[in-house]
Amino acid sequence: MEQTAGPLPTDDVSHVVYLGEEAAPLFPLAEHCELPSISADVLKSILTEEQGYPAQSVVIVDSRHHFEYEGGHIKGAVNLRDPSAIEEFYSRNIDVGKQIAIVFHCEFSSSRAPKLFKHMRNLDRLAHMETYPELAFPNMFLLKGGYKAFFELYSELCMPQEYVKMSDPKFVDHLRVSSSSLKRSWNQRSKDFIDSHCGDRDEPLIDVSNVQQKEKVNTTCKCPISLRFNQQVL
């Protein structure tokens, strides 16, 4: 199989160079993070194929608004920012999920990227309720500090070599429209899930998105998955 430099440029992983079965834990993790996270230094090592990291097996998911992504993004990153895009990615690539790694980020990796990370992990947990803790995509990470932290250190690995902030006044109209659309998308996902899986029941939702969870979830609960779509993740 012919290899090209850098990570996968799209969400099509049909030509991925697969990871080994014994890859976990795949990368050294950043400390003091709620979700498994890697530093900008580690991602740079992946992109430049230092220390044997498998750049050809990594998908970088940039969850920022499109105007932010177009203004400058990490080379090879794919712009998936809403739940439907993540669901399509999950369905399309579930057969090879164990053989790839996914790195999520937004501007700071403080809200949008963790939200998409948890949505995809919830999809995975729901699909494997009977075989917990099995996962189709076990190798998922956040980029600590997000695009801001990475750009400040390694702008040469971004294209174009620019950083458009979400709060940039030149894009205030784009932000208003994009944010409104994104909010509607999350609200609809939350409503659809509750209608489909919980009905009118009042049982509490159980959070199964945390990959560091050690005890088996009681899957006898009628609503076995967390929906924190409308809460900001700090």
Side-chain angles (χ1 to χ4, degrees), residues 9-12 33-35 37 59-74 76-93 102-126 137 140-152 158-160 162-200 204-205 207-210 223 225-234:
T10 71
D11 59 351
D12 179 5
C33 298
E34 177 191 2
L35 298 171
S37 302
V59 179
I60 301 174
V61 174
D62 186 329
S63 59
R64 295 176 300 157
H65 296 294
H66 188 64
F67 70 86
E68 297 174 87
Y69 174 85
E70 287 294 309
H73 58 268
I74 299 170
V78 56
N79 190 208
L80 307 177
R81 68 183 189 88
D82 61 43
S84 61
I86 288 296
E87 290 156 14
E88 181 179 354
F89 177 90
Y90 181 89
S91 299
R92 180 184 300 174
N93 302 304
I102 306 173
V103 179
F104 292 82
H105 79 83
C106 51
E107 185 173 4
F108 309 110
S109 290
S110 62
S111 180
R112 291 173 287 176
K115 201 171 186 179
L116 284 183
F117 180 113
K118 291 184 176 184
H119 183 54
M120 184 154 169
R121 182 49 51 85
N122 278 341
L123 293 173
D124 219 352
R125 289 298 188 203
L126 181 61
F137 294 86
M140 289 176 26
F141 308 89
L142 287 180
L143 173 60
K144 186 176 182 180
Y147 184 76
K148 178 180 185 296
F150 187 86
F151 181 82
E152 289 176 350
C158 301
M159 56 180 297
E162 301 290 343
Y163 169 21
V164 173
K165 298 180 180 180
M166 185 177 72
S167 59
D168 191 320
K170 294 193 299 292
F171 296 97
V172 62
D173 291 335
H174 293 77
L175 176 61
R176 183 182 300 110
V177 173
S178 184
S179 296
S180 178
S181 174
L182 191 59
K183 182 177 181 179
R184 286 195 303 271
S185 181
W186 281 114
N187 286 342
Q188 187 60 47
R189 279 300 179 283
S190 180
K191 179 180 183 299
D192 289 348
F193 185 92
I194 292 174
D195 289 346
S196 298
H197 296 274
C198 301
D200 297 325
L205 298 178
D207 183 3
V208 295
S209 62
N210 190 346
C223 301
I225 202 164
S226 172
L227 288 176
R228 296 188 289 175
F229 295 158
N230 299 320
Q231 298 179 15
Q232 182 177 8
V233 181
L234 301 177

Exercise for review: Step by step, work out the side-chain contact (heavy atoms from CB on, under 4.5 Å) result for Tyr147 and Cys158.
Suggested key: CA-CA 9 Å; Tyr147 184 76; Cys158 301; 3.5 Å; yes

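- With sequence neighbours excluded, the residues that form a ring pair (Phe, Tyr, Trp, His ring centres under 6.0 Å) with Phe137 are Tyr90.
- Looking only at side-chain heavy atoms (C-beta outward), Ile74 and His105 come within less than 4.5 Å of each other.
- Using a 4.0 Å cut-off between charged nitrogen and carboxylate oxygen, Glu68 and Arg112 count as a salt-bridge pair.
- Closest approach of Val164 and Gly71 over heavy atoms only: CG2-CA, 3.5 Å.
- Residues passing the side-chain hydrogen bond (donor to acceptor under 3.5 Å, both in side chains) test with Ser84 are Asp82, sequence neighbours excluded.
- Put simply, the side chain of Ser63 does not reach to within 4.5 Å of the side chain of Phe117, judged on heavy atoms.
- Met140 contributes atom CE, which lies 8.5 Å from atom CG of Leu35 (distance to the nearest 0.5 angstrom).
- Rounded to the nearest 0.5 angstrom, Asn93 CG and Glu88 CD are separated by 9.5 Å.
- To the nearest 0.5 Å, atom CD1 of residue Ile102 and atom CD1 of residue Ile86 are 7.5 Å apart.
- Put simply, NE2 on His119 and CG on Leu116 are 7.5 Å apart, with the number rounded to the nearest 0.5 Å.
- For the atom pair SG (Cys106) and NZ (Lys115), the distance works out to 11.0 Å, reported to the nearest 0.5 Å.
- Between the side chain of Tyr69 and the backbone N or O of Ala77, at least one donor-acceptor pair lies under 3.5 Å.
- For Lys165, there are no side-chain hydrogen bond (donor to acceptor under 3.5 Å, both in side chains) partners two or more places apart in sequence or in a different chain.
- In this structure His174 satisfies the ring pair (Phe, Tyr, Trp, His ring centres under 6.0 Å) test together with Phe171, sequence neighbours excluded.
- Applying the salt bridge (Lys or Arg N to Asp or Glu O under 4.0 Å) test to Arg64 and every residue at least two apart in sequence or in another chain returns Asp62.
- A distance-only check finds no donor-acceptor pair linking the side chain of Ser37 to the backbone of Leu143 [under 3.5 Å].
- With sequence neighbours left out, Glu87 forms a salt bridge (Lys or Arg N to Asp or Glu O under 4.0 Å) with Arg189.
- Applying the side-chain hydrogen bond (donor to acceptor under 3.5 Å, both in side chains) criterion to Glu162, with sequence neighbours excluded, gives no partner residue.
- For the salt bridge (Lys or Arg N to Asp or Glu O under 4.0 Å) test, no residue two or more places apart in sequence or in another chain qualifies with Glu107.
- Arg184 and Ser180 are linked by a side-chain donor-acceptor pair at a separation below 3.5 angstrom, with hydrogens and angles left out of the test.
- Ser167 meets the side-chain hydrogen bond (donor to acceptor under 3.5 Å, both in side chains) test with no other residue; sequence neighbours excluded.
- Legend: residues meeting side chain to side chain contact (heavy atoms under 4.5 Å, CB included) with Ser179, ordered by chain and number and at least two apart, are His65, Leu175.
- Contact of the Trp186 side chain with the Pro83 side chain is registered, since non-hydrogen atoms from C-beta on lie closer than 4.5 Å.
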Practice item. For the pair Val61 and Phe89, evaluate side-chain contact (heavy atoms from CB on, under 4.5 Å) and give the outcome as yes or no after the intermediate values. Key: CA-CA 10 Å; Val61 174; Phe89 177 90; 5.5 Å; no

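- Taken to the nearest 0.5 Å, the CD atom of Glu34 stands 8.5 Å off from the CG atom of Leu142.
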